[in-house]
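Notes to accompany the following structure.
Everything numeric in this text was worked out from a predicted model, so none of it was measured. Note that these values count all heavy atoms, side chains included, but never hydrogens, waters or copies made by symmetry.
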Amino acid sequence: MRKSEFERLAQRVLDGEGTESDVRKLEDAVRDSEDLRTLYRDIFVLDAGISREAIEQLPGRTFEKPAPIRRILHRQKKRDVSVALAVAVVLVLGAVVAFQWITFAPSPFVKIRLAPHTEWLTYAQDGSQADPDNLRPGDTILIEGGSLELSFRKKVKGVVQGPAQMTLEEGGNLVMAYGTGRFEIEGKAREFIVRSPRLSVRDLGTAFGIVIPLSDRIHPEVHVFEGKVVAQAMRGVGESRHLLAGEAFRVLGSGELEAIEPNPDRFYEELPTDLPYLRLTFEPQEGGGFEAKGTHPLADSLRTSLEGEVTSVPGIEGQGVSFGRPGSRLTTNWDGVLGDAPRTIAAWVRIPETSRFQTFRSIVGWGDPTIGFAGKTELLCFQEKAGAPVAMRLSFDQFLFTGETDLADGKWHHLVAVYDPRYHVMEQRVTFYVDGRLEKLNPSLTSTVRFPATPDTRAGMYPLVVGELPNIRSPRNFDGVIDEVWVFEAALDEARVRELAGVGPNE
């Protein structure tokens, strides 16, 4: 091994940045070469002296400001060795040049913290389960729902919102197949790179957010909050740009970068206290609109506006909302859950027992409802004909799922639709609950043999609306009262659904 290569290897190990492979390589090198043992002894003694001097700089004592480490090492004619925290190999020196090696486990390559209710998996390159407490380069992290915080040894912190799939790279970089994350380099750490199939971002000492959608139909984005980054499209013409704080771009299908409005509110800076959700309580706010809550990054910036006849009325909890003539709706500024990502929609509804016949009653929806070109998500009530039950329905892209319970009885009912893309069979991806209990699907009114094979909610037509998702064929305004609308960017399990409905485990 060449001297310069050995010095760089020793630097990584002493800095605590060495992998297990680096530690073994260092041990083999000093075992086989007396010259390298002598060189490592000099490096280690120098490091120990510097560390001891730093420790002795106690408060209340006056010392000359230490010279920069690299300047000290230059005077000692040692290259490529920075300030050391010996964590991997320690050389114990005797009166003669005798060595005894003590091997310590290196500090974790990356530390993980989870937000509550987060579902995640880790696996190695060979497909086996990876140790989540000792992840290594090549290991993959899969977030099926929720969020987690990554703290790299190279002083990079990231908060990633699922669904997401990331693979750790040698050197502390990240390959992100999909996901939404905010990353920040602390202090003067080295550059950090996030690669994806369509966008690569090289951080030059800054903070930035990156959005890699699960669907190829949605454009990846990069938002710069501090400093600068180099962003490059990985397909098409492969345009590359230096982006500064306050700039944001998305990658077009052609491989060009297009400027967009930066939006730091899309990204978590710290871990949330729950799965990401937005909640409309329909409690009136001063100045108009209704209260919005949630753990979603956009919760604080969610705004509501009213169209047509929207009235505040008594709800299941505080105030609910009713809608008059067709065209009456509450509109938000959130695009909703897009693509094929997991989602859960919940709402309380009350439909009069004497309600008139109406085929569609829209509760909450978003996306593109264009007939024959649908790319929407809509929770609604469906009545096939006069006198037929008024049942819950999920219209997701070209797929239709319909329940059996008649909801037009003048009572409050809690409706939940869960979409979980982890299942291969389309019928298994959607689960209905009415009042906290599993709801059977009506096979004659459920249609899952459709094109495309995978549903895809598109942005750009309607953001999340309550009361009526417009459709040119027939009125869809909701005849009744709606309260407590929740939208999760996750697939909830039955226990959490029952909790939302206020149903105990034995009820």
Query raised in the report: Is the shortest side-chain N to carboxylate O distance from Glu270 to Lys157 below 4.0 Å?
Result: yes
Report task. Answer yes or no: is there an ion pair linking Glu307 with Arg329, defined by an N-O contact shorter than 4.0 Å? Result -> yes
**Report entry** Side chain Thr122, main chain Ala130, donor-acceptor under 3.5 Å
**Finding:** yes
Report task. Give me the ring orientation class for Tyr277 and Trp486: parallel if the planes are under 30° apart, tilted from 30 to 60°, perpendicular past 60°. Result -> tilted
Query raised in the report: So, for Phe382 and Phe360, is the gap between ring centers shorter than 6.0 Å?
Result: yes
Query raised in the report: Under the 3.5 angstrom rule, does the side chain of Thr180 hit a backbone N or O of Gln161 as a donor-acceptor pair?
Result: no
Query - Expected output: side-chain Asp368 to main-chain Arg458 donor-acceptor under 3.5 Å - result: no
Report task. Determine whether the side chains of Ser362 and Glu378 contain a donor N or O and an acceptor N or O closer than 3.5 Å. Result -> yes
Query raised in the report: In terms of side-chain heavy atoms, does Thr140 have a donor or acceptor partner in Thr167 at a distance below 3.5 Å?
Result: yes
Query raised in the report: Would you say the side-chain atoms of Thr344 and Arg496 include a donor-acceptor pair closer than 3.5 Å?
Result: no
Query raised in the report: How are the rings of Phe192 and Phe183 set to each other: parallel, tilted or perpendicular (split at 30° and 60°)?
Result: tilted
Query raised in the report: Given Glu258 and Arg250, is the salt bridge (charged side-chain N to carboxylate O under 4.0 Å, His left out) satisfied, shown in steps?
Result: CA-CA 5 Å; Glu258 180 181 68; Arg250 64 183 178 185; 2.6 Å; yes
Query raised in the report: Any side-chain donor-acceptor pair under 3.5 Å between Glu291 and Thr281?
Result: yes
Query raised in the report: So among Val418, Leu441, Leu379, which one has a side-chain contact (heavy atoms from CB on, under 4.5 Å) with Phe432?
Result: Leu441
Report task. Spell out, as yes or no, whether a donor-acceptor pair under 3.5 Å connects the side chain of Arg198 to the backbone of Asp216. Result -> yes
Query - Donor-acceptor pair, side chain of His223 and main chain of Asn263, under 3.5 angstrom - result: yes
Requested in this report: Could you tell me the separation between the CG atom of Asp203 and the NZ atom of Lys228, rounded to the nearest 0.5 Å?
Outcome: 11.0 Å
Query raised in the report: Okay, side chain of Asn333, backbone of Arg303: is any donor-acceptor separation there less than 3.5 Å?
Result: yes
Query raised in the report: Does CG belonging to Asp300 count more than 12 external heavy atoms closer than 6.0 Å?
Result: no
Query raised in the report: Does the pair Arg476/Glu468 count as a salt bridge with the N-to-O cut at 4.0 Å?
Result: no
Query raised in the report: When you check the side-chain N and O atoms of Ser200 and Arg195, is any donor under 3.5 Å from an acceptor?
Result: no
Report task. Output yes when a side-chain donor or acceptor of His219 lies under 3.5 Å from a complementary backbone atom of Val251, and no otherwise. Result -> yes
